[in-house]
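Down below is the structure, laid out as structure tokens.
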Amino acid sequence: FDATTLNISGDRLYHLDKLEMAMEDYQKGLEIEPDNINLINSLGVCFGVMGKLTMAKLEFEKAMKINPDELTVIYNIGLLYQIEGDIDKAILYLQKAHGSKLSVFEVELLLGHLLIKKKHHEQAIPHLEKASRINPKSGLTFRMKGEIYLEENQPEKARLEFNTAIKLNPGDAASLSGYAKSLELQGRNLNIALTLAKKSISLEPDNKKFKKRLKTIQTKINDTCLSPQKELKQQL
């Protein structure tokens with residue numbers, strides 16, 4: 001076997017969850033071609049999946065020394081730092097990957113996600129919009145934009161994003177709940193909001209945020225129904 005054949009064989013074993021056997025093939029390939037970035041990266045991924053993050057990082061750093069602009073390796077290092085909880089370093093690496101000539105959906109999506117975690121909403125939006133252009137069938141990007149607009153108290157913008165997300169994935173509980181919340185904040189179509197909120201809970205019965213949103217909508221509907229009676233009592 002040459003290095004390329006061993007890489008292909010290792011990838012097949014990896015997708016069959018036979019990590020130890022996959023690693024053996026990658027390591028055999030590296031004995032033939034020690035500077036093969038694909039093999040080094042694949043070996044690092046195996047270590048990462050197995051929870052051996054330090055060893056994974058060593059492999060990725062080795063690959064970076066060979067080619068500092070290798071997009072897949074940069075992304076994997078960023079992902080590794082995210083797993084370790086070092087969001088700032090993860091963002092730095094992902095921004096480097098973002099600066100590449102190639103546009104990669106996973107890079108833009110993860111970068112947007114991490115910037116949301118840091119409350120950098122304005123910076124996150126362009127990455128999510130780019131991700132949605134790369135993969136317009138991904139409802140997740142539209143849902144994430146919807147959540148940002150809810151945080152920024154822009155319910156109509158949020159509604160439009162959640163609406164698109166639901167069209168792409170009708171079973172997206174978070175988007176159903178978000179859509180309901182956007183209607184409630186605008187005080188419009190509360191019965192539709194109620195239906196959507198109930199559906200989100202039927203999909204995720206233990207979600208406390210969804211339950212809180214449903215309760216708020218129910219309270220607002222009840223207050224709307226009772227208000228004429230209150231006025232009548234006051235007149236009497």
Side-chain angles (χ1 to χ4, degrees), residues 7-8 10-11 14-15 19 22 26 35-152 157-158 160-162 164-165 168-169 172 174-175 178:
N7 193 21
I8 294 169
D11 287 348
Y14 173 84
H15 289 297
L19 297 183
Y26 295 142
D35 292 341
N36 188 305
I37 289 181
N38 286 334
L39 288 165
I40 296 169
N41 180 65
S42 297
L43 187 59
V45 169
C46 282
F47 282 131
V49 172
M50 295 169 74
K52 299 177 180 180
L53 302 186
T54 302
M55 296 178 77
K57 196 181 294 181
L58 287 172
E59 296 300 325
F60 295 142
E61 287 173 350
K62 191 189 298 180
M64 286 279 286
K65 287 178 182 176
I66 298 168
N67 183 2
D69 298 319
E70 182 63 38
L71 188 60
T72 307
V73 177
I74 296 170
Y75 171 76
N76 284 334
I77 291 180
L79 193 58
L80 205 61
Y81 277 116
Q82 185 218 0
I83 293 167
E84 290 181 335
D86 193 338
I87 294 177
D88 291 329
K89 273 194 176 179
I91 288 173
L92 283 174
Y93 275 98
L94 290 166
Q95 283 174 333
K96 184 176 181 181
H98 163 75
S100 148
K101 292 179 181 178
L102 296 172
S103 295
V104 179
F105 172 75
E106 290 81 5
V107 170
E108 302 301 332
L109 184 68
L110 183 56
L111 194 45
H113 169 68
L114 294 178
L115 288 166
I116 291 170
K117 277 195 167 186
K118 297 291 289 184
K119 300 293 182 182
H120 299 324
H121 293 159
E122 286 187 13
Q123 294 178 41
I125 287 288
H127 294 291
L128 295 174
E129 286 180 343
K130 190 171 184 180
S132 63
R133 287 195 297 272
I134 297 168
N135 183 6
K137 292 185 178 179
S138 170
L140 180 57
T141 55
F142 296 99
R143 183 220 293 174
M144 290 167 72
K145 284 189 284 181
E147 292 291 354
I148 287 176
Y149 289 130
L150 278 185
E151 284 277 329
E152 296 293 318
K157 282 189 174 182
L160 293 172
E161 299 295 343
F162 288 129
T164 303
L168 291 166
N169 179 11
D172 182 355
S175 291

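FYI, side chains are in, hydrogens and waters are out, and symmetry mates aren't considered; it's all heavy atoms of this structure. Note that the structure is a prediction, hence the values are computed from the model and not measured.
Within the structure, salt bridge (charged side-chain N to carboxylate O under 4.0 Å, His left out) pairs that include any residue of residues 41-57 comprise Lys57-Glu84 (at least two apart or interchain).
Going from atom CD1 of Ile74 over to atom CG of Leu79 covers 13.5 Å, rounded to the nearest 0.5 Å. One distance of note links CZ of Arg133 with NZ of Lys130; it measures 7.5 Å at 0.5 Å rounding. Here Met144 contributes atom CE and His127 contributes atom NE2; the two are 11.0 Å apart, rounded to the nearest 0.5 Å. One distance of note links CD1 of Ile87 with CD of Gln82; it measures 7.0 Å at 0.5 Å rounding. One distance of note links OH of Tyr14 with CG of Leu43; it measures 12.0 Å at 0.5 Å rounding.
Nearest heavy atom pair, residue Ala131 against residue Thr141, reads CB-CG2, 3.7 Å. Taking all atoms of both residues into account, the shortest heavy-atom contact from Ala90 to Gly78 is CB-O, 3.2 Å. The shortest non-hydrogen separation linking Leu53 to Gly48 is CD2-O, 4.0 Å. Contact detail for Ile77 and Glu61: the closest heavy-atom pair is CD1-N, 4.4 Å. Considering all non-hydrogen atoms of both residues, Pro136 and Phe142 come closest at O-CE1, 3.8 Å. In terms of heavy-atom proximity, Phe60 sits nearest to Gly44 at CZ-C, 3.6 Å.
A 4.5 Å side-chain heavy-atom check between Asn169 and Ser175 finds every atom pair outside the cut-off. Residues Lys157 and Leu160 form no side-chain contact, since every pair of their non-hydrogen atoms from C-beta on lies 4.5 Å or further apart. Using a 4.5 Å cut-off on side-chain heavy atoms (C-beta onward), Ile40 and Asn36 make no contact. A heavy-atom distance below 4.5 Å is found between the side chains of Tyr75 and Leu94. Residues Ile134 and Leu109 form no side-chain contact, since every pair of their non-hydrogen atoms from C-beta on lies 4.5 Å or further apart. Contact check for Leu140 versus Arg143: side-chain heavy atoms found under the 4.5 Å cut-off. Counting only heavy atoms from C-beta outward, the side chains of Ser42 and Asn7 approach each other to under 4.5 Å. Between Glu151 and His121, the closest side-chain pair of non-hydrogen atoms falls below 4.5 Å.
The only member of Lys118, Lys96, Lys117 that meets side-chain contact (heavy atoms from CB on, under 4.5 Å) when paired with Ile91 is Lys118.
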Chi angles and distances behind the side-chain contact (heavy atoms from CB on, under 4.5 Å) call for Tyr93, Leu80
CA-CA 10 Å; Tyr93 275 98; Leu80 205 61; over 6 Å; no

Check the pair Tyr26 / Asn38 against side chain to side chain donor-acceptor pair (under 3.5 Å), numbers first and verdict last.
CA-CA 9 Å; Tyr26 295 142; Asn38 286 334; over 6 Å; no

Stepwise, does the side-chain contact (heavy atoms from CB on, under 4.5 Å) test hold for Phe162 with Glu147?
CA-CA 8 Å; Phe162 288 129; Glu147 292 291 354; 4.0 Å; yes

Please test Phe47 against Leu19 for side-chain contact (heavy atoms from CB on, under 4.5 Å), starting from the C-alpha separation and ending with a verdict.
CA-CA 9 Å; Phe47 282 131; Leu19 297 183; over 6 Å; no

Taking it one step at a time, do Glu108 and Leu128 satisfy side-chain contact (heavy atoms from CB on, under 4.5 Å)?
CA-CA 6 Å; Glu108 302 301 332; Leu128 295 174; over 6 Å; no

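At distances below 3.5 Å, at least one donor-acceptor pair connects side-chain atoms of Ser132 with backbone N or O atoms of Glu129. Formation of a donor-acceptor pair under 3.5 Å by the Tyr81 side chain with backbone atoms of Leu92 is not found in this model.
Annotation: side chain to side chain donor-acceptor pair (under 3.5 Å) contacts of Asn76 (sequence neighbours excluded): Asn41. Applying the salt bridge (Lys or Arg N to Asp or Glu O under 4.0 Å) criterion to Glu152, with sequence neighbours excluded, gives no partner residue.
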